Amino acid sequence: MAYYYPECSHTFNEYLLVPGYSSADCIPANVSLKTPLVRYKRGEEPAISMNIPLVSAIMQSVSGDRLAVALAQEGGVSFIYGSQSIEDEAAMVAKVKGYKAGFVRSDSNLRPDQTLADVLELKEENGHSTVAITEDGTPNGRLVGIVTGRDYRVSRMEPSEKISSFMTPLEKLITAPEGTTLKEANDIIWDNKLNSLPIINKEGKLCYFVFRKDYDQHKKKPMELLDSQKRYIVGAGINTRDYAERVPALVEAGVDVVCIDSSEGYSEWQKRTIAWIREKYGDSVKVGAGNVVDGEGFRFLADCGADFIKVGIGGGSICITRETKGIGRGQATALIDVCRARDEYFAETGIYVPVCSDGGIVHDHHMTLALAMGADFIMLGRYFARFDESPTAKVNVNGTLMKEYWGEGSNRARNWQRYDLGGSKKLSFEEGVDSYVPYAGKLADNVQISLAKVRSTMCNCGALSIPELQQKAKLTLVSSVSIVEGGAHDVLLKTANKQV
């Protein structure tokens, strides 16, 4: 006879937090959202921690290099989608790692005999307004000049005009020699009121740029998440098929953490993948695993050596796994069960394995509920797909701006590796849909609003940190009637002009 769980499977929307005592110190400005990303031993610090408890989903329609930079600037981590070629994924990782390193290798380069049309095309392609002009058009060729937006006016120039006629030539540029420290470079920039400073070697070849905006950006983004070399931290998705080729390429590109992208993680395939990584790299490569929905699955992956474990099957807004296969569990119930197992594992072994809640977040307050139920951080897909920085197109649907959003189990994504059960290399049926989500603007603006709500609710619970919230939180199940009571009701809303 099958095993029957005694408890009903619940979602986040079936719970509310009950307020606790708030001291005078309990104000949002004092709340820390710092949280561990990877496993650590009792008494030690994790190798990677985040400043906010948000990571982006391993999805084609969510996590490209632009979103990875934007989220790292806010203090979180993106996981570049793995359902692409190894070379393309590694290139995305390398682009994020090179975006802010103080010394930036130029990726906008042209020859002096090229034209204004080439400058405009390159700017359209990568969004950079500073173009290095080298003899051979390569990033490390001999520098002969620079083109910025101040060097040309499209309305008064022909597209065929040669770059050599309007670039700022080398003799008029302020440069610095190879070996200049970042502090010295920034001093030169400020003393000479520059936007960028080329670093060149003895042969006159371009080595790097140092940009004023990087210094300014750091001052504006105090929560940004950087590695020891002041580069943005970035993750990447891997699968259980080509990991022996994909992981080395990602490590070479500078990835900080990888995560096995699978719809169901309680499997020998994940065990083999983690074992291979540990055999080749030891603990130097951090690897997340999942997804699971109970304590048994958690303990299996924790024993395999996973650095964090994702919880959730079938709860994503574009996921139809529960409909097509009848597999899954309500996200709240799954999370509570797994986090209980994590705490027991920590008490027994002294090893803390962070838990990631993946899926089921519909409203901002669900983030706080997930953290209160034990999640160390939250993986979001639909939430991030709405923003400017996601890789998808903005489209007008019946007069409303939307962004495209599709599941990795859809025919559009064709990511059969995510649903791999060791069989043929194809999708036999869909487990995700193709959809639209309302366009919401810039990532930074939305994340700050969402986390302001989280901090405010934490103060209502008397907590100034995520661990303190998990200790002090009081949760109550709610009825369908009380859910209605919790929203606007029995009034005529002015904006919608309808009775509720």
Side-chain angles (χ1 to χ4, degrees), residues 12 35-39 46 48 50 53-59 62-63 76-83 235-240 243 256-267 269-271 273-274 277 286-319 321-322 327-342 345 352-361 366-367 370-371 373-384 407-409 415 417-420 431-432:
F12 290 131
T35 193
L37 178 62
V38 297
R39 69 160 59 200
I48 307 174
M50 297 186 293
L54 304 182
V55 300
S56 68
I58 310 168
M59 299 176 69
V62 178
S63 296
V77 172
S78 272
F79 285 87
I80 302 292
Y81 65 91
S83 49
I238 62 173
N239 61 65
T240 57
Y243 54 84
D256 297 282
V257 56
V258 297
C259 182
I260 303 171
D261 182 26
S262 175
S263 64
E264 202 278 297
Y266 191 1
S267 73
W269 308 111
Q270 295 221 0
K271 182 178 182 179
T273 304
I274 297 170
I277 291 173
K286 306 302 180 185
V287 53
N291 288 19
V292 298
V293 291
D294 63 5
E296 188 178 331
F298 170 88
R299 186 168 285 268
F300 170 79
L301 290 176
D303 287 339
C304 287
D307 284 294
F308 67 84
I309 294 170
K310 291 199 297 162
V311 177
I313 294 176
S317 59
I318 41 68
C319 183
T321 294
R322 296 182 195 173
I327 289 286
R329 199 177 191 188
Q331 186 66 13
T333 301
L335 186 60
I336 292 167
D337 192 357
V338 170
C339 289
R340 184 184 298 116
R342 175 206 55 202
Y345 191 83
Y352 188 90
V353 182
V355 166
C356 170
S357 179
D358 178 16
I361 300 293
H366 291 169
M367 297 181 186
L371 296 172
M373 291 173 182
D376 296 282
F377 55 96
I378 304 157
M379 180 170 276
L380 302 162
R382 181 195 61 85
Y383 178 85
F384 287 118
E408 290 297 294
N415 183 12
Q417 293 95 333
R418 188 172 201 275
Y419 302 88
D420 183 25
E431 293 189 46

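Worth saying up front: this structure is predicted, and the values here are computed from it rather than measured. We use all heavy atoms of the structure for the numbers below, so side chains are in, but hydrogens, waters and symmetry mates are not.
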Got a list of side-chain donor-acceptor pairs under 3.5 Å for residues 301-308, not counting sequence neighbours?
{"from": "Asp303", "atom 1": "OD1", "to": "Tyr345", "atom 2": "OH", "distance (Å)": "3.1"}
{"from": "Asp307", "atom 1": "OD2", "to": "Arg278", "atom 2": "NH2", "distance (Å)": "2.6"}
{"from": "Asp307", "atom 1": "OD2", "to": "Val287", "atom 2": "N", "distance (Å)": "2.8"}

Measure the shortest side-chain to side-chain distance between Met373 and Phe12 over non-hydrogen atoms and say whether it is less than 4.5 angstrom.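 When only atoms from C-beta onward are counted, Phe12 and Met373 do touch, with a gap below 4.5 Å.
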Taking the side chain as C-beta and beyond, is there a heavy-atom pair between Val311 and Phe298 under 4.5 Å? no
Nearest 0.5 Å please: distance from the [atom1] atom of [X] over to the [atom2] atom of [Y].
| X | Y | atom1 | atom2 | result |
| --- | --- | --- | --- | --- |
| Gln331 | Ile361 | CD | CD1 | 7.5 Å |
| Phe79 | Ile58 | CZ | CD1 | 6.5 Å |
| Lys286 | Cys259 | NZ | SG | 14.5 Å |
| Tyr266 | Ile309 | OH | CD1 | 11.5 Å |
| Arg342 | Asp337 | CZ | CG | 12.0 Å |
| Ile260 | Ile277 | CD1 | CD1 | 6.0 Å |

Single hit among Asp358, Leu371, Leu335, Thr35 for side-chain contact (heavy atoms from CB on, under 4.5 Å) with Ile378: Leu371
Output yes when a side-chain donor or acceptor of [X] lies under 3.5 Å from a complementary backbone atom of [Y], and no otherwise.
| X | Y | result |
| --- | --- | --- |
| Thr240 | Gln270 | no |
| Asp376 | Val355 | yes |
| Asn291 | Gly312 | yes |

Check ring-ring contact (aromatic ring centres under 6.0 Å, His included) between Tyr352 and all other residues, then give those that pass, not counting sequence neighbours. Tyr40, Phe346
For the residue pair Gly235 and Val77, what are the closest heavy atoms and their distance?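 Closest approach of Gly235 to Val77, heavy atoms only: N-CG1, 3.8 Å.
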So which heavy atom on Val55 is nearest to which on Cys356, and how close?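 Residues Val55 and Cys356, closest heavy atoms: CG2-SG, 4.3 Å.
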Would you kindly say whether Ser56 and Ser63 are connected by a side-chain donor-acceptor distance under 3.5 Å?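 Ser63 and Ser56 do have a side-chain donor-acceptor pair below 3.5 Å.
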Begin with the C-alpha distance, continue with both residues' side-chain angles, and end with the deciding distance and a verdict on side chain to side chain contact (heavy atoms under 4.5 Å, CB included) for Phe300 and Lys271. CA-CA 9 Å; Phe300 170 79; Lys271 182 178 182 179; 3.9 Å; yes
Could you walk me through whether Leu54 and Met367 satisfy the side chain to side chain contact (heavy atoms under 4.5 Å, CB included) test, starting with their C-alpha distance in whole Å, then the side-chain angles of each, then the deciding distance to 0.1 Å, before giving a yes or no? CA-CA 9 Å; Leu54 304 182; Met367 297 181 186; 4.2 Å; yes
